[in-house]
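Chain naming here is simple, since letters A, B, ... match the order of the sequence lines and numbering starts at 1 in each.
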Protein chains: 2
Amino acid sequence: MRQKKTSAGHVTVLERLRAAGLRPTRQRMALAKLLFARGHRHVSAEQLFNEAKAQRVDVSLATVYNALHDFTAKDLLREISIDSSSSYFDTNIGNHHHFYFERSGRLEDIADDQVQIAALPEPPGGAEVSRVDVIIRVKA
Amino acid sequence: MRQKKTSAGHVTVLERLRAAGLRPTRQRMALAKLLFARGHRHVSAEQLFNEAKAQRVDVSLATVYNALHDFTAKDLLREISIDSSSSYFDTNIGNHHHFYFERSGRLEDIADDQVQIAALPEPPGGAEVSRVDVIIRVKA
DNA sequence: TCTCAATTTAGAATAATTCTAGACTACCTT
DNA sequence: AAGGTAGTCTAGAATTATTCTAAATTGAGA
């Protein structure tokens, strides 16, 4: 037997939500499809909301925020706030870093192995490190 | 002869503003003193505004924002936005990095030489790097 | 002192995000 | 299949940080 059907992305998204302990509602399914359909992306709430509208997916902005936060809490997304005006959600949750293009405000992933850190200080008080972010700000 | 008088921080702050090409107004002088009086700090607009009030320095919140942005534009401060809820201004403008304490939202400087980066990718299209930020997020 | 551009200010405006409270729905139980 | 219920969704109000506006003030040079 072949793999689970993936043609429309249905089953996969459904499973991802279930595995995360999130009830697969119509809205979450639709948003998850938009987010995870193709390769990694960085989206703002407003962007995702507009994409949903463009595809006639009827969701409220509040639901988009709820979903993004729920997904983040369950490690399906990672939140990034570089530019204080709005935050972005990254579908790439593995270790990696970012280029930040100051002019456009765009983010681009940098694979973890492209950055080598030889020395890092210990957090004071022996606190646990939750992650290390490297942001290369680019004048472009 | 000894150095310029620094006792009240007056002359120094005045010179800093003039050197930056910023008119040394009463408000900017007062805010600069609060910012640069002692060692390096990370302040939000609201914080600085409250400090000013506490010291009976009469400035409007809009002026605090104006001053922080003017100072940043003239490289007397550096703006940092890690937590999307509000941005911080760092009086340390040299190369350095940060610990970010997730629970409290507090920032702590890491001296540049404490972090050694062995490899970094080139920005796409040969764009110029304006700076590299390393943020160690700590669960505390 | 006079002039004028730079600066300050109160309050309105904006923008991103969160909250509220009622309506809906996924899913478990029977 | 029906019902109950906690979880979810939603429109719109509320909140928060920040910026804008337009008028008043002021620093600094002539």
Side-chain angles (χ1 to χ4, degrees), chain A residues 10-11 13-34 42-53 56-74 76-77 79-89 105 107, chain B residues 10-11 13-34 42-53 56-74 76-77 79-89 105 107:
Chain A
H10 285 251
V11 177
V13 163
L14 200 165
E15 283 171 350
R16 267 175 100 119
L17 293 179
R18 278 210 207 290
L22 293 170
R23 215 189 259 186
T25 63
R26 176 179 65 73
Q27 293 85 340
R28 296 216 265 230
M29 294 281 281
L31 294 174
K33 275 180 218 165
L34 288 174
H42 306 107
V43 272
S44 67
E46 205 72 33
Q47 271 169 40
L48 185 58
F49 180 60
N50 288 330
E51 281 182 31
K53 271 201 299 203
R56 306 286 150 75
V57 173
D58 194 30
V59 279
S60 72
L61 182 56
T63 297
V64 171
Y65 275 102
N66 288 341
L68 288 172
H69 289 140
D70 293 344
F71 291 1
T72 301
K74 301 296 179 154
L76 299 181
L77 290 177
E79 187 171 359
I80 308 177
S81 26
I82 283 180
D83 160 307
S84 65
S85 70
S86 86
S87 46
Y88 286 84
F89 293 84
L107 282 173
Chain B
H10 284 251
V11 176
V13 162
L14 201 166
E15 284 171 349
R16 267 176 100 120
L17 292 178
R18 280 211 207 290
L22 292 170
R23 218 191 257 184
T25 63
R26 176 178 66 73
Q27 293 85 340
R28 295 213 267 230
M29 294 280 281
L31 294 174
K33 275 180 219 165
L34 289 174
H42 306 106
V43 272
S44 67
E46 205 72 32
Q47 271 170 40
L48 185 57
F49 179 61
N50 288 329
E51 282 182 30
K53 271 201 299 202
R56 304 287 150 75
V57 172
D58 193 31
V59 280
S60 71
L61 182 56
T63 296
V64 172
Y65 275 102
N66 289 340
L68 288 172
H69 288 141
D70 294 343
F71 292 0
T72 301
K74 301 297 180 157
L76 299 181
L77 291 176
E79 187 172 0
I80 308 177
S81 25
I82 284 180
D83 160 305
S84 65
S85 70
S86 86
S87 45
Y88 286 84
F89 294 84
L107 281 173

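- Atoms CZ (Phe89(A)) and C1' (dT17(C)) sit 10 Å apart, rounded to a whole Å.
- Between Leu17(B) and the options Thr25(B), Asp70(B), Leu76(B), a side chain to side chain contact (heavy atoms under 4.5 Å, CB included) holds for only Leu76(B).
- What separates CD of Gln47(B) from C1' of dT16(D) is a distance of 15 Å, to the nearest Å.
- When the P atom of dA17(D) is taken as reference, atom CD1 of Ile80(B) falls 18 Å away, rounded to whole Å.
- Judged by distance alone, with hydrogens and angles left aside, the side-chain atoms of Arg28(B) form no donor-acceptor pair with the main-chain N or O of Ala67(B) at under 3.5 Å.
- Atom CG in Leu14(B) sits 11.5 Å away from atom CG in Leu22(B) (nearest 0.5 Å).
- Ser81(A) places a side-chain N or O within 3.5 Å of a backbone atom of Ile82(B) that can act as its donor or acceptor partner.
- For the pair Leu17(B) CG and dT7(C) P, the computed distance is 11 Å after rounding to whole Å.
- Protein atom CE of Met29(B) is 12 Å distant from nucleotide atom P of dT8(C), rounded to whole Å.
- The side chain of Ser87(B) contributes no N or O atom lying less than 4.0 Å from OP1 or OP2 of dA17(D).
- In this structure, CE in Met29(A) is found 12.0 Å from CG in Leu34(A), a value given to the nearest 0.5 Å.
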Under 4.0 Å protein heavy-atom contact, by nucleotide of nucleotides 18-30 of chain C - B base, S sugar-phosphate only: BB-----BBS---
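- Under the 3.5 Å distance criterion, the side-chain polar atoms of Arg18(B) are left unmatched by any main-chain donor or acceptor of Pro24(B).
- Among the protein residues, Asp58(A) comes within range of the sugar-phosphate backbone only, with heavy atoms under 4.0 Å from sugar or phosphate atoms but none that close to a base.
- Residue contacts shown for Ser44(B) are absent, as no nucleic acid heavy atom lies under 4.0 Å away.
- If you find the closest nucleotide of DNA chain D to Tyr88(B) and to Arg28(A), the one lying nearer the 5' end belongs to Arg28(A).
- Remark: P of dT8(D) and CZ of Phe71(A) are 11 Å apart, rounded to the nearest angstrom.
- With sequence neighbours excluded, no residue satisfies ring-ring contact (aromatic ring centres under 6.0 Å, His included) with Tyr65(B).
- Taking for each of Val59(B) and Ser85(A) the nucleotide of DNA chain C with the nearest heavy atom, the 5'-most of the two is the partner of Val59(B).
- In this structure, Leu48(B) places its CG atom 15 Å from C1' of dA17(D), rounding to the nearest Å.
- Nucleotide dT9(C) holds its C1' atom 10 Å from the CG atom of Asn66(B), rounded to whole Å.
- Across all strands shown, Thr63(B) has heavy atoms under 4.0 Å from base atoms, whether or not it also approaches the sugar-phosphate.
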